[in-house]
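Single-structure report; data block below.
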2 protein chains.
Amino acid sequence: MREKRLSITDIARQLGTSTTTVSFVINGKAREKNISQVLIDRVEHLVSELNYQPNALAKSFRTGKTMTIGFIVDEISQPFFSGIAKYIDEKASAHGYNILFSSTKNSKKRGGEVLQVFNERHVDAFIIALPNGLENEVKEVIGGDVPVVLFDRYISGFESDYVLIDNESSAAEATQHLIDSGYKEIAFVTIETDQSQMLDRTKGYERAIVIAGLNPIVKRINYEGKPESVAEIAAFLQQNNQIDAVVFACNYLSMDGLDAMRQLNLKIGENIAMVSFDDLEVFKYFMPSITAIAQPLEEIADQIMEILMYRLTNNTNKNKIKAVLTTQMEIRDSSQFKKTSDEVQPEALTVGK
Amino acid sequence: MREKRLSITDIARQLGTSTTTVSFVINGKAREKNISQVLIDRVEHLVSELNYQPNALAKSFRTGKTMTIGFIVDEISQPFFSGIAKYIDEKASAHGYNILFSSTKNSKKRGGEVLQVFNERHVDAFIIALPNGLENEVKEVIGGDVPVVLFDRYISGFESDYVLIDNESSAAEATQHLIDSGYKEIAFVTIETDQSQMLDRTKGYERAIVIAGLNPIVKRINYEGKPESVAEIAAFLQQNNQIDAVVFACNYLSMDGLDAMRQLNLKIGENIAMVSFDDLEVFKYFMPSITAIAQPLEEIADQIMEILMYRLTNNTNKNKIKAVLTTQMEIRDSSQFKKTSDEVQPEALTVGK
DNA sequence: CTGAAAGCGCTTACAG
DNA sequence: CTGAAAGCGCTTACAG
């Protein structure tokens, strides 16, 4: 099928006209180029009769546009990223764009390579959750003429279009919710990182704790792998057994925390409360269900695509666009009002296994 | 940066040689084409000095190869598909390929469009979880000269390379496990579909049930959306309250089932046992943890890529390759040996909200 | 209003 | 051993 494909020359020849005319008609520039209606009709008729499809490769080569968007994230299989990917794909497809994706594994080296490869492929735009330390590569590789929208995290001092959520106030809200529910020893589990979203979440937690006159208890995991993380969280909770509530700073930490608490035989909602930053569908079905800060995935994707489409059609405005979206706290059973010790049903401890 | 790019002509001119020679050297054909070592060295030296990168678009246009693989699934955000995507990306990147993805939303129409668009973009190969009814489109659009590997499901009578799992025996094994654990009224919840993987899973369930002399109880959800599905499952469980165990045929049904059981206040592992076809990380941390059939994601991706690389380098072998992988049943608490009624702790019913 | 033609940056058959 | 040149299928400045 691919071999016998028609070219624009075939169409022009059959019509006794020029490729110029055919090209103009096909690309909807007929009016603007003052092609006569008769010719337009003849071209359109033959094109649809022969089901002629222009060769996208030739077109890309000629115009430099690939109708492709590079989507670069830490790991595509993380629910947050695959959720964003879903909506980005929907919206990009509607505009005739397709998504080329790759995961950086949170590695600067791998991130640089992906950036380079996608740039060589001439993607028309980039959507990136950028690993730290890659600012120069982004600037250099992309060289200013390709639209880039960063999301999930920002690089301070790095000018770019951004779509973010209000991490600080969301974390503060989650913490305040635990305070309001009567918890006094509220820990915050995050990762050892300089990624902005994690720092801002920590800041929000600390702000709420300090205002309430409580002691901040922050645990920073040096993330090397799931088993290590689970062990570290378990050790932390064991060594600080005064802790009555935990805010986990992102969904994989919440997961690791659930594993740790299970291993320690801690009963969520009984011995310990928790809130997860990032919601997952399952959290609703957990016993008890898990309170979570839900990021507005579709809205994030919407904003990203809106900015991108704007840049793609009109990149003269050099003012950077920064969208900061709000989150939604889904209050569930894991953060119920704190039971005093005599309210705890002793038999509860025997159940759930 | 993009504007001032060097072309192969620049290199040739600076070297006083021809583009032919430069092209041969760059593409590693220098030896084969008997280019003298002196010339090779001079070309390589200048290329690396100027950091010359061939224009990928020109190359694709000329050769028809895009070093791109089209990855088409129902929905990229489903954990099974994003998990496969993760490994496919890793392996494809290692071979210099990148992944263009799109979701079909399980729609024949949308699937056909994606197929068409990716084909026009000249992807070098396709990896597809094919919606039913799209066999002709695949055949027509792809036209036989582009490698295609189908996964997750097969289309009976449609010859192609496949990577599948042994759905029937996996479902039989899961069912048998429930039988062995003392359950007698074991239901199977699937969707109304003619997709092979779901039919095979149903077959496996029925086989085990019949051999054990039990009554098959199959519920087929006409999947229209999550709330409807949850409601249907809930109604089904309520109307058939003799059911003491359920096998859910895929991960989103397991999720919906968890929601339904929660609404009915059924305690998993107490009032009702369950096994999920498809494992999720969270199932390990559930209270109780959920027994699941785990598909070997990385192995599936490995097989897909192995077949693809074989086809991409040597597509003369017309015999189709069919890989059928085995699953792993992760036995957890949701399918514990059935408690007799006096063993059930009555207070359990008051816990978990 | 329309067409002849150059040119994008490669690859490769062909000639010597 | 090496190079001049055609050609892939488009787009578009230019001429009329």
Side-chain angles (χ1 to χ4, degrees), chain A residues 1-44 46-47 50-67 119-122 124 145, chain B residues 1-44 46-47 50-67 119-122 124 145:
Chain A
M1 180 154 192
R2 276 186 184 174
E3 36 282 354
K4 48 178 168 173
R5 282 195 50 158
L6 297 162
S7 78
I8 197 171
T9 321
D10 299 321
I11 303 291
R13 191 162 33 214
Q14 288 195 37
L15 245 27
T17 180
S18 69
T19 59
T20 309
T21 304
V22 178
S23 173
F24 286 158
V25 174
I26 287 171
N27 292 301
K29 296 186 181 167
R31 284 262 110 87
E32 164 193 341
K33 297 292 181 177
N34 287 317
I35 310 288
S36 68
Q37 192 57 51
V38 202
L39 240 189
I40 295 180
D41 291 345
R42 287 183 59 220
V43 172
E44 287 181 340
L46 187 62
V47 161
L50 300 180
N51 190 27
Y52 162 71
Q53 308 277 9
N55 180 326
L57 258 32
K59 203 163 171 165
S60 288
F61 169 51
R62 187 52 238 259
T63 61
K65 297 291 155 213
T66 54
M67 299 304 282
N119 193 50
E120 274 170 24
R121 284 173 174 280
H122 289 252
D124 293 340
D145 53 348
Chain B
M1 178 150 195
R2 274 186 184 174
E3 36 282 357
K4 46 177 167 172
R5 283 198 45 161
L6 297 162
S7 77
I8 198 170
T9 322
D10 298 321
I11 303 290
R13 192 163 31 213
Q14 288 195 39
L15 247 24
T17 180
S18 69
T19 59
T20 310
T21 304
V22 177
S23 174
F24 286 157
V25 173
I26 287 171
N27 292 300
K29 294 187 182 168
R31 284 261 109 87
E32 166 193 339
K33 297 291 183 179
N34 287 318
I35 310 288
S36 68
Q37 192 56 51
V38 201
L39 240 189
I40 295 180
D41 292 345
R42 289 181 58 219
V43 172
E44 287 180 342
L46 187 63
V47 161
L50 300 181
N51 191 27
Y52 162 70
Q53 307 277 11
N55 180 326
L57 259 32
K59 204 163 170 164
S60 288
F61 169 50
R62 186 53 237 259
T63 61
K65 297 291 155 210
T66 53
M67 298 305 282
N119 192 49
E120 273 169 25
R121 283 174 176 280
H122 288 254
D124 293 339
D145 52 348

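Letters A, B, ... are given to chains in the order of the sequence lines, protein chains preceding strands, and every chain is numbered from 1. When reading the values below, keep in mind they use all heavy atoms of this one structure, side chains included, and skip hydrogens, waters and symmetry mates.
At the phosphate of C/dC8, neither OP1 nor OP2 sits under 4.0 Å from any side-chain N or O atom of B/N55. Neither OP1 nor OP2 of C/dT11 sits under 4.0 Å from any side-chain N or O of B/K65. Between C/dG9 and B/Y52, no contact under 4.0 Å exists linking OP1 or OP2 to a side-chain N or O. At the phosphate of D/dA4, neither OP1 nor OP2 sits under 4.0 Å from any side-chain N or O atom of B/T19. Taking side-chain N and O atoms only, A/N34 has no distance below 4.0 Å to OP1 or OP2 of C/dT2. Taking only side-chain nitrogens and oxygens, B/K29 comes nearer than 4.0 Å to OP1 or OP2 of C/dT12. In terms of phosphate contacts, B/S36 brings a side-chain nitrogen or oxygen within less than 4.0 Å of OP1 or OP2 of D/dT2. Residue B/S23 places at least one side-chain N or O under 4.0 Å from the OP1 or OP2 atom of C/dT11.
Backbone-only contact: A/S7 has heavy atoms under 4.0 Å from sugar-phosphate atoms and none from a base. Within 4.0 Å of B/L57, counting heavy atoms only, lies no atom of the nucleic acid at all. Residue contacts shown for B/T21 are limited to sugar-phosphate atoms, with no base heavy atom under 4.0 Å away.
Following rounding to the nearest Å, A/I35 (CD1) and D/dT11 (P) show an atom-to-atom distance of 13 Å. Going from atom CD1 of A/I11 over to atom P of C/dG3 covers 15 Å, rounded to whole Å. Atom-to-atom, NZ of B/K59 to C1' of C/dC8 comes out at 17 Å; the value is rounded to the nearest Å. The nearest whole Å value for the distance from the CG atom in A/D10 to the P atom in D/dG9 is 8 Å. Rounded to a whole Å, the CD1 atom of B/I8 is 14 Å from the C1' atom of D/dA5. Taking atom CD on B/Q53 and atom P on C/dG9, their separation rounds to 15 Å, with Å as the unit. The nearest whole Å value for the distance from the CZ atom in B/R13 to the C1' atom in D/dG3 is 15 Å. Atoms CD (A/E32) and P (D/dA13) sit 11 Å apart, rounded to a whole Å.
Defined by atom type and a distance below 3.5 Å, a donor-acceptor pair is present between the side-chain atoms of A/Q37 and A/R31. Between the side chains of B/K29 and B/N34, no donor N or O sits under 3.5 Å from an acceptor N or O. Side chains of A/D10 and A/Q14: a donor-acceptor N/O pair is absent below 3.5 angstrom, by distance only. A side-chain N or O of A/S18 and one of A/T21 form a donor-acceptor pair less than 3.5 Å apart.
C/dC1 and D/dG16 make up a base pair, with Watson-Crick or G-U wobble contacts both under 3.5 Å.
Between A/L57 and A/F61 there is no side-chain heavy-atom pair separated by less than 4.5 Å. At least one side-chain heavy atom of A/V47 sits less than 4.5 Å from a side-chain heavy atom of A/I11.
Residue side chain B/F61 fails the stacking definition with respect to C/dC10, as its ring centre and the base's six-membered ring centre are not both under 5.5 angstrom apart and under 30 degrees in plane angle.
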